[in-house]
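Each remark here refers to the structure printed beneath this line.
These numbers come from the heavy atoms of this one structure, side chains and all, not from hydrogens, waters or symmetry mates. Remember, predicted model here, so these are calculated numbers, not experimental data. By convention here, the first residue in the shown sequence is residue 1.
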Amino acid sequence: MAIEVRAASVFDDVAAVLGPKRPDANVCFCLSYRLTSSKENLSLRGPARGERVRQLCAQDPAPGVIAYDGDEPVGWAAVHPRADTSFATNRRIPHLDDLDVWSLWCVRVRPGHRKQGISHHLIAGAVAFAREHGAPIVEAYPVDNRGEKVDLTMAYVGTRAAFERAGFEKAADTTSVLNGFPRVLMRIDLR
């Protein structure tokens with residue numbers, strides 16, 4: 001298995017990892033944090049969510065990265081300038097400075113491909129993507145689960161340990177809690 005991580009510019013590949021089984025289903029499609037307006041996020045229903053993601057995939061920079069095993073898309077990581085996400089105004093996640101940091105908020109591996117280290121490739125690939133686009137710092141907001149099991153539906157934020165293995169350091173506590181675990185603000189400095 002040779003995993004390659006590339007910009008998420010092919011909508012069909014993003015949909016293969018994040019999209020619903022039924023086109024009319026209201027799945028996140030990783031828009032909840034990506035859109036700066038909760039009004040827009042709530043207004044997008046069914047196929048409109050996919051069409052919004054299609055638009056984002058056509059932009060530069062792309063909305064994240066996709067991990068491929070050969071030609072098969074097997075994972076996704078959302079990474080983008082914080083200013084273009086809801087983290088720009090999130091009161092539970094502190095702003096430490098005025099740098100143009102990038103946020104990495106979602107890591108998802110397709111069923112059938114989990115527990116193979118793909119999330120580690122995704123985090124590294126997201127950091128490399130942000131670096132290529134001039135990011136001075138990448139932030140992540142994982143749970144500090146202290147080794148306890150995290151419910152699969154809430155595991156998308158990652159764990160503190162996974163980000164530490166990728167070279168991130170805890171920069172601050174947050175007031176955000178997910179699945180009963182506190183989230184921490186972690187950073188990797190790319191300067």
Side-chain angles (χ1 to χ4, degrees), residues 1-37 40-41 43-87 102-135 138-142 150-159 162-163 165-166 168 188 190:
M1 173 176 72
I3 300 298
E4 182 184 355
V5 179
R6 301 191 297 254
S9 56
V10 179
F11 171 74
D12 289 342
D13 293 349
V14 174
V17 178
L18 296 176
K21 289 185 171 90
R22 291 184 356 252
D24 61 331
N26 288 315
V27 298
C28 175
F29 235 130
C30 213
L31 290 173
S32 298
Y33 292 117
R34 174 57 179 87
L35 301 176
T36 56
S37 162
E40 179 186 9
N41 183 41
S43 72
L44 294 172
R45 311 299 286 164
R49 294 188 75 74
E51 284 309 309
R52 185 67 172 100
V53 172
R54 184 183 301 277
Q55 292 169 2
L56 293 172
C57 289
Q59 295 178 0
D60 185 25
V65 294
I66 294 285
Y68 292 88
D69 183 357
D71 292 332
E72 183 181 9
V74 295
W76 152 267
V79 61
H80 213 73
R82 181 179 63 195
D84 295 339
T85 72
S86 66
F87 292 108
W102 281 46
S103 295
L104 194 175
W105 66 91
C106 179
V107 178
R108 178 158 173 15
V109 177
R110 288 176 77 179
H113 301 277
R114 296 181 179 140
K115 300 205 182 287
Q116 298 175 33
I118 294 171
S119 63
H120 302 291
H121 290 282
L122 284 163
I123 293 170
V127 169
F129 178 75
R131 179 183 281 121
E132 290 166 11
H133 286 84
V138 177
E139 288 185 344
Y141 320 105
V150 178
D151 180 271
L152 191 59
T153 59
M154 296 298 152
Y156 70 93
V157 298
T159 63
F163 281 94
R165 282 193 296 276
F168 284 69
I188 188 166
L190 306 179

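In this structure a side-chain-to-backbone donor-acceptor pair under 3.5 Å is missing from Arg6 to Tyr68. A distance-only check finds a donor-acceptor pair linking the side chain of His80 to the backbone of Ala62 [under 3.5 Å]. The backbone N or O of Trp105 sits nowhere less than 3.5 Å from a side-chain atom of Ser103 that would complete a donor-acceptor pair. The backbone N or O of Gly46 sits less than 3.5 Å from a side-chain atom of Asn26, completing a donor-acceptor pair. Side chain of Arg54 to main chain of Phe11: no donor-acceptor pair is present (N/O by atom type, distance under 3.5 Å, no hydrogens or angles). Using modelled atom types, one side-chain atom of Ser86 and one backbone atom of Tyr33 make a donor-acceptor pair closer than 3.5 Å. Although no hydrogens or angles enter the test, the distance criterion places no donor-acceptor pair under 3.5 Å between the side chain of Arg131 and the main chain of Leu190.
Side-chain contact between Leu122 and Arg108 is absent, with no heavy atoms from C-beta onward closer than 4.5 Å. Between Pro81 and Phe87 the shortest side-chain heavy-atom distance does not fall below 4.5 Å.
Residue Arg49 holds its CZ atom at 4.5 Å from CG of Leu31, rounded to the nearest 0.5 Å. Atom CG in Asp13 sits 10.0 Å away from atom CD in Glu72 (nearest 0.5 Å).
Closest non-hydrogen pair, Pro73 versus Ile66, comes out as CB-CG2, 3.8 Å. When all heavy atoms are compared, the tightest approach of Val14 to Ala8 is CG2-CB, 3.7 Å. Here the closest non-hydrogen pair linking Leu152 and Arg114 is CD2-NH1, 3.4 Å. Closest non-hydrogen pair, Val79 versus Ala126, comes out as CG1-CB, 3.8 Å. Contact record, Cys30 with Cys106: SG-CB, 3.5 Å, taken as the closest heavy-atom pair. The two atoms that bring Val27 and Gly19 nearest to each other are CG2-C, 4.5 Å, heavy atoms only.
Within the cation-pi definition used here (under 6.0 Å to the ring centroid, within 45° of the axis), Arg52 does not qualify as a partner of Phe29.
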query: Under the side-chain contact (heavy atoms from CB on, under 4.5 Å) criterion, do Val53 and Leu18 qualify, and how do the steps go?
result: CA-CA 10 Å; Val53 172; Leu18 296 176; 5.8 Å; no
message: Assess the residue pair Arg45 and Asp24 against the criterion (side-chain contact (heavy atoms from CB on, under 4.5 Å)); give the C-alpha distance rounded to whole Å, side-chain angles, the decisive distance to 0.1 Å, and a yes or no.
response: CA-CA 8 Å; Arg45 311 299 286 164; Asp24 61 331; over 6 Å; no
- request: Could you please spell out the steps behind the side-chain contact (heavy atoms from CB on, under 4.5 Å) verdict for Ile188 and Phe163?
  value: CA-CA 9 Å; Ile188 188 166; Phe163 281 94; over 6 Å; no
task: Take Leu44 and Leu35, measure what side-chain contact (heavy atoms from CB on, under 4.5 Å) needs, and give me the verdict at the end.
output: CA-CA 11 Å; Leu44 294 172; Leu35 301 176; 3.8 Å; yes
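Using cut-offs of 30° and 60° on the angle between ring planes, the pair Trp102 and Phe129 is perpendicular.
Summarising the local packing, CG of Asp71 is surrounded by 12 or fewer heavy atoms from other residues, nucleotides or ligands at distances under 6.0 Å.
Each of Ile123, Val5, Val109 was checked for a side-chain contact (heavy atoms from CB on, under 4.5 Å) with Ile118, and the lone residue meeting it is Val109.
When only modelled atom types and interatomic distance are considered, His121 and Glu4 share no side-chain donor-acceptor pair under 3.5 Å.
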